[in-house]
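The sequence lines fix the lettering, A, B, ..., with proteins before strands; numbering per chain opens at 1. All values derive from a computational prediction rather than experimental measurement.
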Amino acid sequence: MQDQLVIYNTLTRSKEKFTPINKGMVGLYVCGPTVYNDVHLGNCRTFISFDMIYRYLLHLGFKVRYVRNITDAGHLEGDRDEGDDKFSKKAKLEQLEPMEIVQKYTLGFHDVMRQFNALPPSIEPTATGHICEQIEMVKQILANGYAYEADGTVYFDVEKYNKEFPYGQLTNRNLEDLIANTRELHGQDEKKGRLDFALWIKAKPEHLMRWPSPWGWGFPGWHIECSAMSSKYLGDTFDIHGGGMDLQATHHTNEIAQSQACNHKAPVNYWMHTNMLTVNGVRMSKTAGNGFLPGELFTGNHPLLEKGYSPMAVRFFMMQTHYRSTLDFSNEALQASEKGYARLLAAIKTLENLKPSDASGIFINDHKKACYDAMNDDFNTPILVAELFELVSVINSANIGKTPLTANDISILKELMHSFVFDVMGLKDEVANVADNKVLDGVMKIVLDIRKDIKARKDFAASDKLRDDLNKLNITIKDTKEAAVWSISQQ
RNA sequence: GGUCCUGUGGCCGAGUGGCUAGGCUGAGCUCUGCAAAAGCUCCUACAGCGGUUCGAAUCCGCUCGGGACCUCCA
């Protein structure tokens with residue numbers, strides 16, 4: 001099964017058969033969040049996409065080392081190599097130590113990821129925890145002749161690098177085009193080339209986050225942390241590197257250059273990029289101000305939101321779109337997903353009580369193959385979801401005695417549903433805990449018994465009132481042929 | 001301005017040179033005291049204009065529209 005997987009590789013702009021460096025093992029690195037602010041939904045989409053990818057790799061039996069960093073230093077505010085460190089700026093604003101900011105938003109990020117049911121990565125290294133590694137890497141790049149120092153700041157020499165390696169490879173651009181499209185710099189320039197970027201930056205006197213280095217007090221450049229940490233934990237060349245598409249042109253391009261210049265090896269075999277999340281057709285971004293926070297999405301406390309949407313409804317919504325397509329948020333689409341997801345969960349519950357037949361009305365192995373084919377084709381979750389809904393129809397049809405299923409069919413259906421819905425897509429039944437409450441279960445049994453008597457007396461006004469009143473508590477009563485059943489709806 | 005992606009039915013969203021994606025919504029029917037759920041049926045698309053082809057929504061060109069990156073952002 002492991003040799004069936006095909007991945008779209010940004011590097012070659014084509015789908016390629018996935019072959020790990022070490023059989024049965026995968027090294028996966030994903031650019032994590034910059035923790036100077038609340039994570040917004042766009043970030044979450046990327047991390048949820050890679051969580052699904054991580055989960056599927058695990059499902060296929062790969063031993064995966066999943067590294068996702070926390071950027072807690074070095075990101076600049078404003079234009080190239082100028083401006084304040086984001087953490088310092090925010091710290092001044094909030095009158096806090098930079099590391100207080102880092103701590104606050106790291107905890108917030110973890111909390112949101114937990115709500116989205118994302119598995120924690122194997123290693124979550126921080127930039128500030130790897131200053132030595134970054135300095136060593138800068139030293140090596142200097143020693144290899146691909147960088148130069150100017151007044152305490154070290155720059156990467158892009159033009160020199162490009163003579164030996166294709167710098168714009170990841171975005172399919174050549175150096176001439178890149179230079180032609182670079183903005184005019186503001187006069188001052190210690191940099192030799194327009195595209196040169198900083199590996200190490202000299203700290204201004206007021207700069208709070210700073211470390212000693214061979215070039216004086218300073219802090220690491222924007223891209224070096226990922227190069228340093230990925231090679232430390234996954235090796236000089238590893239299998240998969242992922243991140244949002246917006247990182248492709250600059251961050252990842254520079255990462256490749258740094259790693260190649262340092263280690264004389266291409267760092268990554270498969271580059272994967274997730275697409276952007278949009279709101280009303282416009283990219284949700286920190287600076288555009290058109291985003292809402294995960295918390296606001298869950299509670300519905302935002303002008304753009306008609307109501308709150310549970311984390312799993314949102315996650316399922318994301319799974320209905322391929323990770324390389326843009327995903328547009330709208331109340332209508334979210335509500336459609338919410339209902340569809342409820343239907344999927346209901347079918348999984350129905351599956352538990354299905355009575356096996358001697359004959360089979362379906363070709364279960366065809367369905368199983370279709371699920372794996374979908375996921376093996378570059379993690380095509382929308383197709384997977386479509387296949388799962390085919391199975392929902394099968395289950396419901398079996399439930400009313402229309403489609404016969406053998407015990408084997410039912411067993412495979414259970415396995416498929418649980419594997420793909422819960423293990424791979426990382427969804428969970430949010431109301432399961434409540435329904436498992438033994439006291440409530442007992443109470444409801446009594447209530448339904450009483451209602452049964454009332455109905456037997458044909459006092460429908462009373463039985464309907466009971467049903468309506470329970471409904472106000474989000475408890476839904478359904479009178480099926482055999483008996484009345486109850487369930488708790490979300491929110 | 002440069003590079004690139006994209007345009008699918010009421011909404012969301014896959015996909016393939018010729019065969020029903022799927023979800024949500026709407027309409028009808030079955031079931032039901034009613035409701036809900038479920039089942040069945042219907043509404044059935046591929047921006048426009050050319051071209052290639054026996055045949056294109058799927059390939060090519062142009063036009064129009066949308067978006068991304070080139071500047072911090074997942």
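- Residue contacts for A:E390: at a heavy-atom cut-off of 4.0 Å it reaches the sugar-phosphate backbone alone, with no base atom in range.
- Closest to the side chain of A:H322, from the set B:A14, B:G23, B:C73, is B:A14.
- Among the atoms of the strands shown, none is found under 4.0 Å from any heavy atom of A:H273.
- When distances are taken from the side chain of A:I400 to each of B:A38, B:C73, B:C72, the shortest belongs to B:A38.
- Sequence neighbours left out, the pairs with a member in residues 109-123 of chain A that pass side chain to side chain donor-acceptor pair (under 3.5 Å) are A:H110-A:E124, A:D111-A:R114.
- The aromatic rings of A:F50 and A:Y323 lie tilted to each other, with the angle between the two planes from 30° to 60°.
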Acceptor/donor pairs from residues 386-396 of chain A side chains to any protein atom, 3.5 angstrom cut, sequence neighbours excluded:
| unit_1 | atom_1 | unit_2 | atom_2 | d |
| --- | --- | --- | --- | --- |
| A:N396 | ND2 | A:V392 | O | 3.4 |

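- If you measure from atom CG of A:L327 to atom P of B:U6, you get 17 Å, rounded to the nearest angstrom.
- Remark: the separation of the C1' atoms in B:A45 and B:G22 is 14 Å, to the nearest Å.
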Dot-bracket encoding of pairs in RNA chain B, which uses [ ] for pseudoknotted crossings and | for another strand, Watson-Crick or G-U under 3.5 angstrom: (((((((..(((.....[...))).(((((.......)))))....(((((..]....))))))))))))....
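- When A:L334, A:L345, A:V385 are each tested for a side chain to side chain contact (heavy atoms under 4.5 Å, CB included) with A:F316, only one passes: A:V385.
- Across all strands shown, A:S325 has heavy atoms under 4.0 Å from sugar-phosphate atoms exclusively, and none from any base.
- We find that CZ of A:R13 is positioned 21 Å from P of B:A68, with the value rounded to whole Å.
- A:K455 comes within 4.0 angstrom of a nucleotide base, judged by non-hydrogen atoms across all strands.
- Here the C1' atom of nucleotide B:C12 and the OH atom of A:Y309 are 13 Å apart, to the nearest Å.
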Steps toward side-chain contact (heavy atoms from CB on, under 4.5 Å) verdict (A:V39, A:M113): CA-CA 10 Å; A:V39 257; A:M113 284 298 107; 5.7 Å; no
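- Under the 30°/60° scheme for interplanar angles, the aromatic rings of A:F116 and A:F298 are found to stand perpendicular.
- Here, B:U8 and B:U16 have their C1' atoms 13 Å apart, quoted to the whole Å.
- Rounded to whole Å, the C1' atom of B:U3 lies 30 Å from the corresponding atom of B:C12.
- Projected onto RNA chain B by closest heavy-atom contact, A:F317 and A:D479 fall at different nucleotides, the more 5' of which corresponds to A:F317.
- Between B:A38 and A:R343, a contact under 4.0 Å exists linking OP1 or OP2 to a side-chain N or O.
- Listed candidates were B:A38, B:G33, B:A74. Nearest to the side chain of A:L277 is B:A74.
- Going from atom NZ of A:K478 over to atom P of B:A37 covers 7 Å, rounded to whole Å.
- Rounded to an integer number of Å, the gap from CE of A:M276 to P of B:C70 is 11 Å.
- Counting any heavy atom pair closer than 4.0 Å across all strands shown, A:L344 reaches no nucleic acid atom.
- If A:G32 and A:T321 are placed on RNA chain B by their nearest nucleotide, the residue sitting closer to the 5' end is A:T321.
- Spacing between B:C43 and B:A36 at atom P, rounded to whole Å, works out to 24 Å.
- Taking the ring pair (Phe, Tyr, Trp, His ring centres under 6.0 Å) definition, one finds that A:Y66 meets it with A:Y54, sequence neighbours left out.
- When heavy atoms are screened at a 4.0 angstrom cut-off, A:R467 is found touching base atoms of the nucleic acid.
- For A:K17, the NZ atom sits in a packed shell: over 12 heavy atoms of surrounding residues, nucleotides or ligands are nearer than 6.0 Å.
- Across the protein-nucleic acid pair, A:L388 atom CG and B:A21 atom P stand 19 Å apart, rounded to whole Å.
- Note on ring orientation: taking the six-membered ring where Trp is involved, the planes of A:W271 and A:H252 are tilted (angle from 30° to 60°).
- Counting any heavy atom pair closer than 4.0 Å across all strands shown, A:K339 reaches sugar-phosphate atoms only and no base atom.
- Here A:F389 does not lie in a stacked arrangement on the base of B:G22, lacking the combination of planes under 30° and ring centres under 5.5 Å apart.
- One can place CE of A:M272 at 14 Å from C1' of B:A74, the figure rounded to the nearest angstrom.
- Contacts of residues 239-247 of chain A with RNA chain B (heavy atom under 4.0 Å): A:G243, A:G244, A:D246, A:L247.
- Partners of A:H322 according to the ring pair (Phe, Tyr, Trp, His ring centres under 6.0 Å) rule, which considers only residues two or more places apart in sequence or in another chain, do not exist here.
- Under the 30°/60° scheme for interplanar angles, the aromatic rings of A:Y29 and A:H241 are found to be tilted.
- Taking the six-membered ring for Trp and thresholds of 30 and 60 degrees, A:Y372 and A:Y56 have ring planes inclined between 30 and 60 degrees apart.
- Only the P atoms considered, B:G17 is 24 Å distant from B:G23, to the nearest whole Å.
- Among B:C40, B:C11, B:G22, the nucleotide with an atom closest to any side-chain atom of A:A386 is B:G22.
- If you measure from atom CE of A:M425 to atom P of B:G23, you get 14 Å, rounded to the nearest angstrom.
- For the P atoms, the distance from B:C11 to B:U44 is 15 Å, rounded to whole Å.
- Rounded to the nearest Å, the gap between the C1' atom of B:C46 and that of B:A21 is 13 Å.
- The listed nucleotides are B:A14, B:C24, B:G39; the one nearest the side chain of A:I383 is B:A14.
- Nucleic acid contact for A:D464: base, since at least one base atom lies under 4.0 Å from a heavy atom of the residue.
- B:A57 sits 13 Å from B:A14 when the C1' atoms are compared, rounded to a whole Å.
- With hydrogens and angles ignored, no donor-acceptor pair under 3.5 angstrom links the side chain of A:N380 to the base of B:G15.
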